[in-house]
Amino acid sequence: MVHEICHLFCLRHCIFFSCCMNGSNHLEESNNRPMFMCPVCLHKLKSWLSFDVKQRYQAMLEFCSSIKDENFEGSCRWLEKAIEKLS
């Protein structure tokens with residue numbers, strides 16, 4: 001859903017890094033996309049919406065932590081490290 005919403009903000013498919021904006025040709029590729037944006041796409045979205053990246057990651061961590069599912073554990077760890085680096 002994030003991928004499709006980002007298209008509304010004129011973001012195209014990412015060719016730079018592994019990113020939630022990578023294109024996909026089938027469901028398996030789509031399901032294997034990471035849930036996070038690469039630095040290039042994050043910068044593009046930030047330039048459109050003018051948000052604070054650290055606050056965004058903190059809100060995402062709060063959401064991911066509230067879901068008691070082992071599939072979100074890796075995402076929580078990634079967000080914690082990102083927030084630490086932004087501090």
Side-chain angles (χ1 to χ4, degrees):
M1 188 182 206
V2 170
H3 174 93
E4 297 305 328
I5 290 171
C6 285
H7 284 310
L8 297 174
F9 292 103
C10 301
L11 267 71
R12 295 181 179 248
H13 289 150
C14 182
I15 58 169
F16 302 104
F17 297 99
S18 180
C19 174
C20 72
M21 288 308 297
N22 292 137
S24 62
N25 294 311
H26 50 77
L27 185 59
E28 184 178 349
E29 274 185 350
S30 182
N31 288 340
N32 287 329
R33 272 191 303 237
M35 71 180 283
F36 302 107
M37 294 184 142
C38 73
V40 175
C41 293
L42 184 63
H43 179 74
K44 290 177 186 178
L45 188 64
K46 186 178 184 286
S47 70
W48 274 97
L49 300 177
S50 300
F51 58 85
D52 181 271
V53 174
K54 184 177 175 185
Q55 287 178 346
R56 179 178 185 267
Y57 284 168
Q58 287 171 330
M60 290 173 71
L61 177 59
E62 186 177 322
F63 171 77
C64 288
S65 297
S66 72
I67 299 173
K68 303 301 180 199
D69 186 329
E70 63 189 37
N71 294 319
F72 282 87
E73 290 175 6
S75 298
C76 288
R77 284 192 302 276
W78 188 94
L79 287 162
E80 288 167 348
K81 287 179 185 178
I83 291 167
E84 181 181 317
K85 289 182 181 193
L86 290 169
S87 295

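Only heavy atoms go into these numbers, but all of them, side chains included; no hydrogens, no water, no symmetry mates. One-based numbering along the sequence shown.
In plain terms, the two heavy atoms of Leu11 and Cys41 that are nearest each other are CD2-O, 3.8 Å. The two atoms that bring Cys38 and Cys14 nearest to each other are SG-SG, 3.6 Å, heavy atoms only. Between Cys76 and Leu61, the shortest heavy-atom contact is O-CD1, 3.7 Å.
Between the CE atom in Met35 and the OG atom in Ser75 there is a gap of 4.5 Å [rounded to 0.5 Å]. Interatomic distance, Ile83 CD1 to Gln55 CD, rounded to the nearest 0.5 Å: 11.0 Å.
Within the structure, side-chain hydrogen bond (donor to acceptor under 3.5 Å, both in side chains) pairs that include any residue of residues 4-16 comprise His3-His7, His3-His13, His7-His13 (at least two apart or interchain). Residue pairs satisfying the side-chain hydrogen bond (donor to acceptor under 3.5 Å, both in side chains) criterion with at least one member in residues 58-67, sequence neighbours excluded, are absent. Sorted by first and then second residue, the pairs that involve residues 61-87 and meet ring-ring contact (aromatic ring centres under 6.0 Å, His included), not counting sequence neighbours, are Phe36-Trp78, Tyr57-Trp78.
Checked against side chain to side chain donor-acceptor pair (under 3.5 Å), Ser30 has the following partners two or more places apart in sequence or in another chain: Arg33. With sequence neighbours left out, the side chain to side chain contact (heavy atoms under 4.5 Å, CB included) criterion links Cys20 to Val2, Met37. In this structure Asn71 satisfies the side chain to side chain donor-acceptor pair (under 3.5 Å) test together with Asp69, sequence neighbours excluded. For Glu28, the side chain to side chain contact (heavy atoms under 4.5 Å, CB included) test picks out His26, Asn32, with sequence neighbours left out. Considering only residues two or more places apart in sequence or on other chains, Ser87 meets the side chain to side chain donor-acceptor pair (under 3.5 Å) condition with Lys54. The side chain to side chain contact (heavy atoms under 4.5 Å, CB included) check on Lys46 picks up Phe51, Val53, with sequence neighbours excluded. With sequence neighbours left out, the side chain to side chain contact (heavy atoms under 4.5 Å, CB included) criterion links Ile5 to Met1, Phe9.
No chain of hydrophobic side-chain contacts below 4.5 Å, direct or via other Ile, Leu, Val, Met, Phe, Trp or Tyr residues, connects Leu8 to Leu45.
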- Task: Could you walk me through whether Glu84 and Glu80 pass side-chain contact (heavy atoms from CB on, under 4.5 Å), step by step?
- Result: CA-CA 6 Å; Glu84 181 181 317; Glu80 288 167 348; over 6 Å; no
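Listed by chain and number, the hydrophobic cluster partners of Ile15 are Phe16, Phe17, Val40, where partners are ILVMFWY side chains within reach of under 4.5 Å, directly or through others.
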